[in-house]
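What you see is a predicted model, and the numbers here were worked out from it, not measured in a lab. Note that these values count all heavy atoms, side chains included, but never hydrogens, waters or copies made by symmetry. Naming: A, B, ... by sequence-line order, numbering from 1 per chain.
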Amino acid sequence: MTDNSDSNDKLIPEKVLRSNITARIFRRISAHTSILIGGSVLAIIVFMAIFAPLLAPHDPFDQDLSRRLLPPFWMEDTNPKYFLGTDNLGRDYLSRLIYGAQISLMIGVCTALLSGIIGSVLGITAGYFGGRIDAVITFVITTRLSMPIVLVALAVVALVGGSLHAVILVLGFLLWDRYAVVMRSATQQARNMDYVSAARAIGCPTWRIILSEIFPNVVNNLIVIATFEVAHAILLEASLSFLGLGVQPPDPSWGLMIAEGKEFLLFDPWVITIPGIALSILVLAVNMLGDGIRDVSAPENRN
Amino acid sequence: MTPILETKDLECSFWISTGLFSAKKALVAVNGVSVQLFKGQVLGLVGESGCGKSTLAKMLLGLQKPTKGSIFFDGRPLEEMSQFDRAARVQPIFQDPYSSLNPRKTVVDIITLPLRVHKIGKSRDWLLKAQQMMDLCGLSRRYLNSYPNQLSGGQRQRVAIARALVMKPEVVICDEPTSALDVSVQSQILNLLMDLKNELGLTYLLISHNLAVVEHLADCVAVMYFGDIVENENTDRLFSQPKHEYTRSLLNSVLIPDPSRFLPNKQKAYE
């Protein structure tokens, strides 16, 4: 079974090697339906958010009480100028939805990034070093878990006032617990593997072991939690806005639009349905993309 | 002649908690071991599971700090050497090739990791070096870009061997290098190890359960029992005239593939 048959072949040049790897990754992505669907939906929403000023048919802040609560296109008595109708202050709903994507996405992504960094640093440190460091970090995690998010957010907002930055910072500093817990246990598992011992026996410095041996083996957990937390942060922003603590009017965010629509739930349910559907689509797209990335990056799916 | 690797009264104990309120107990894994390893030699280390063989190997690799005693490399105490310097001279081959290779890295990255860490040679030569090592270890070059899970157990162990030898170490600690492989591959890997030893002038510490392997490959055998070396003898002499009680029972436990003899417990049933 010794494979000496092609040892006399020419050496494989570096360029061919690297291009092979990239090609393989692309092939796996393009064969994965949920990455394609989730990715393209997310790309559309991001595109919408970035080019909001060009895409929005009206000014999202332009109020006109004479055309308040115009219904969207699939209902009767619609105004073709207002495709998705208008809200209770007569602002164009489609424009507010497009501008709202900016804020919802920003909150979701920034919060997931900030809490992801905090949580993974704490989790990997605790899991890798163990002992006293682990005990201290576990205590910090427990402390965080025992704090109700909405209550803390309420207190902070009461002190500094509600704004986009405040919401991102508060959520970012509160939502790292799941990252920390999962990364800690994943790291504990990975650090007992022989390849970590091998790296130590090679003389790798600790930072290098963590970055190149441990991290790549726990990063799929990170991706899954990150997609989950993007969705979680967007929904939390919605509930904070609902309580009047999140993004302040007249800034449009999907959560705030749902919050503002709560009075019209009975007779004009579309006021809540439209941003609600947009939010579900965004969350679904992010989750599908996360699942897909996990599948594509998992070593057991390589072939 | 100074031994290339020598341990003196090496001891290692772990503290294990037995309950919330009871005091921690010491578990002595290695209890005053003194062995000598000479250049170009193969020292076999045998003993039952849990007798401290792997702990001894870990201490020699610097993965575990000894509680007492010292290790000398070429007459120099190892405490004086940094883990970095030690790594260039002592390398391991682990038992389980399924966990000893990082599943997220390609074969070329795994093999060249020591070169990258120690900055040996120029980066454009690393790829060439990796391919030379693969040739040397009997692994086809087309696996260069594969991930470990695409390889069989034997191929993985060849990658592990290539990684251990790429820095040209003097001593290789083989911690049961074949026990996770199936029988047909075991002999290939063992022959490869012996060929590489002769070719590169290596010194092995061969830890094994398999007495036949040790008898075949080792120049000297140390028998370990409950953290102690109970017998350290030339291979031929140990197998022909075992002195210690434990060595004798160990040798008696080997099943001889002889169809005229039945399996130990079956034998009675047939009588």
Side-chain angles (χ1 to χ4, degrees), chain A residues 1-25 28 131 186 189-222 296-303, chain B residues 58 61-63 82-88 90-106 108-110 113-114 117-118 124 126-128 131-132 134-135 138-150 152 154-155 158 160 163-164 167 173 175 184-185 188 192:
Chain A
M1 209 197 76
T2 38
D3 280 310
N4 270 324
S5 49
D6 52 351
S7 62
N8 293 327
D9 289 0
K10 274 187 197 157
L11 292 178
I12 302 166
E14 183 122 21
K15 229 194 252 167
V16 175
L17 268 182
R18 299 296 158 203
S19 68
N20 271 349
I21 290 186
T22 336
R24 261 194 308 197
I25 292 173
R28 291 225 306 271
Q189 223 170 41
R191 72 179 284 253
N192 287 327
M193 302 296 279
D194 278 345
Y195 55 81
V196 175
S197 302
R200 279 167 66 200
I202 283 167
C204 280
T206 307
W207 63 265
R208 189 167 190 151
I209 292 178
I210 290 179
L211 280 185
S212 80
E213 306 292 325
I214 303 266
F215 189 71
N217 285 291
V218 295
V219 76
N220 52 343
N221 299 299
L222 186 66
V296 167
S297 62
E300 56 274 13
N301 292 337
R302 294 193 184 111
N303 42 44
Chain B
K58 275 186 185 162
L61 289 165
L63 301 176
S82 66
Q83 176 66 27
F84 195 75
D85 296 332
R86 172 198 315 221
V90 188
Q91 276 295 306
I93 295 170
F94 289 104
Q95 173 179 10
D96 181 9
Y98 290 87
S99 88
S100 69
L101 306 177
N102 189 340
R104 299 272 166 179
K105 286 187 170 175
T106 55
V108 59
D109 285 337
I110 291 170
L113 179 70
V117 171
H118 286 257
R124 62 168 182 276
W126 289 343
L127 189 70
L128 177 75
Q131 298 183 41
Q132 286 170 347
M134 289 171 80
D135 292 347
L139 194 67
S140 164
R141 279 179 193 161
R142 66 197 160 91
Y143 296 117
L144 204 55
N145 223 359
S146 306
Y147 288 91
N149 68 306
Q150 297 167 323
S152 70
Q155 289 170 329
R158 285 174 199 270
R163 170 179 62 188
M167 267 198 297
I173 314 267
D175 191 351
S184 60
V185 184
Q188 290 173 16
L192 171 69

_Stepwise side-chain contact (heavy atoms from CB on, under 4.5 Å) check, B:Arg104 with A:Asn220_ = CA-CA 11 Å; B:Arg104 299 272 166 179; A:Asn220 52 343; 3.5 Å; yes
*Walk me through it: do B:Leu61 and A:Arg200 pass the test side-chain contact (heavy atoms from CB on, under 4.5 Å)?*
CA-CA 9 Å; B:Leu61 289 165; A:Arg200 279 167 66 200; over 6 Å; no
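Here A:Ala198 is the residue among A:Pro205, A:Ala190, A:Ala199, A:Ala198 with the most heavy-atom pairs under 4.5 Å with chain B. In terms of heavy-atom pairs under 4.5 angstrom with chain B, the leader among A:Ala201, A:Cys204, A:Gly203, A:Ser212 is A:Ala201. Contact count against chain A (heavy-atom pairs under 4.5 Å) is highest for B:Ala87 among B:Ala160, B:Pro97, B:Ala87.
Qualifying side chain to side chain donor-acceptor pair (under 3.5 Å) partners for B:Asn102, counting only residues two or more places apart in sequence or in other chains: A:Glu213, A:Asn217. For A:Asp194, the side chain to side chain donor-acceptor pair (under 3.5 Å) criterion is met by B:Ser99, not counting sequence neighbours.
Considering only heavy atoms from C-beta on, A:Ser197 stays 4.5 Å or farther from B:Lys58 through its side chain.
In this structure, the separation between CD on B:Gln83 and CD1 on A:Ile202 is 10.5 Å, given to the nearest 0.5 Å. Atom CZ of residue B:Arg163 and atom OH of residue A:Tyr195 lie 11.0 Å apart, to the nearest 0.5 angstrom.
Contacts between B:Leu63 and chain A at a heavy-atom distance below 4.5 Å involve backbone atoms as well as side-chain atoms.
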